[in-house]
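Structure first, then comments.
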Amino acid sequence: MKVLFLNGPNLNLLGTREPEIYGRLTLADIEKQVRTRAGELKVEVDFRQSNIEGDLVGWIQEAKGKFQAIVINAAAYTHTSVAIHDAISAVGVPTIEIHLSNVHAREEFRHKSLIASVCRGQICGFGVKSYILGLEACVYVTE
Ligand code: CA2
């Protein structure tokens, strides 16, 4: 199985600021932990980040026929992007929404996800483990 991990805006800054919210790991550290678990599960992983909404939309569109599942931390676009919602809906590849922080325990504008309704499920609040749980959820939804 092949799983596409997508990371949205500012996640490239992880480990440099706001460690009390997002922890001290960099995105590269997170990718390493995902790859370790993926190896155990015999899953192939592609791990990408962009600050540009259109990149994320393009990658979701291209996932059809190449990846069996998508794990997405759309970051701030979670709360704003109709385009990402429509792309996930259009391609029909099972998609898991993840967040490092518990978005429901934070500011009200983070409580609403525009992509949740087109995702198979949402995992949030577990730091790097949200990524690992997202990967495991892909195995669950595709078996
Ligand atoms: O908790 C998450 O994973 C979020 O998706 C992170 C987003 C935020 O907008 C979502 O509401 C929840 C923010 C990612 C920005 O990450 C930073 C990392 C270091 C310093 C500043 C921002």
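No hydrogens, no waters, no symmetry mates; every other heavy atom, side chains included, goes into these values. Ligands are counted one by one from 1 in listed order, and the atoms in each one are counted from 1 as well. A quick note: this is a predicted structure, and the numbers were derived from the prediction, not measured.
- An N or O contact shorter than 3.5 Å links His99 to ligand 1 by distance.
- Between Ile30 and Leu100 there is a side-chain heavy-atom pair separated by less than 4.5 Å.
- At a heavy-atom cutoff of 4.0 Å, ligand 1 is contacted by both the backbone and the side chain of Arg17.
- No hydrogens or angles considered: nothing links the side chains of His79 and Glu107 as a donor-acceptor pair under 3.5 Å.
- Here the heavy atom of the protein found nearest to atom 1 (O) of ligand 1 is Ser101 OG, 2.5 Å.
- Contacts between Asn10 and ligand 1 below 4.0 angstrom, taking non-hydrogen atoms only, involve backbone and side chain alike.
- The CG atom of Leu6 lies 10.0 Å from the CD1 atom of Ile98; values are rounded to the nearest 0.5 Å.
- For the pair Asn73 and ligand 1, the shortest N or O to N or O distance falls below 3.5 Å.
- Under a 4.0 Å criterion applied to the non-hydrogen atoms of Glu18, ligand 1 contributes the atoms 21 (C).
- A donor-acceptor contact closer than 3.5 angstrom is absent between the side chains of Thr142 and Gln68.
- Atom NZ of Lys32 is separated from atom CZ of Phe47 by 13.5 Å, given to the nearest 0.5 angstrom.
- With hydrogens and angles disregarded, no donor-acceptor distance shorter than 3.5 Å links the side chain of Ser101 to the backbone of His99.
- Glu97 and Ser113 share a side-chain donor-acceptor pair at under 3.5 Å.
- Scanning the protein for heavy atoms near atom 3 (O) of ligand 1, the closest one is Leu100 N, 2.7 Å.
- Here is the list of ligand 1 atoms found below 4.0 Å of a heavy atom in Leu11: 14 (C).
- Close contacts between ligand 1 and His79 involve ligand atoms 10 (C), 11 (O) [criterion: under 4.0 Å to a heavy atom].
- For atom 9 (O) of ligand 1, the closest non-hydrogen atom on the protein side is Arg110 NH1, 2.9 Å.
- Proximity of Val103 to ligand 1, defined as any heavy-atom pair under 4.0 Å, is confined to the side chain (atoms from C-beta onward).
- Between Tyr77 and Ile115, every side-chain heavy-atom pair lies at or beyond the 4.5 Å cut-off.
- Counting the atoms of ligand 1 from 1 in the order shown, those under 4.0 Å from a heavy atom of Ala76 are 9 (O).
- Distances from ligand 1 to the non-hydrogen atoms of Thr78 include no value under 4.0 Å.
- Of the N and O atoms on the side chains of Asp29 and Thr26, at least one donor lies less than 3.5 Å from an acceptor on the other residue.
- Looking at atom 13 (C) of ligand 1, its nearest protein heavy atom turns out to be Tyr22 OH, 3.3 Å.
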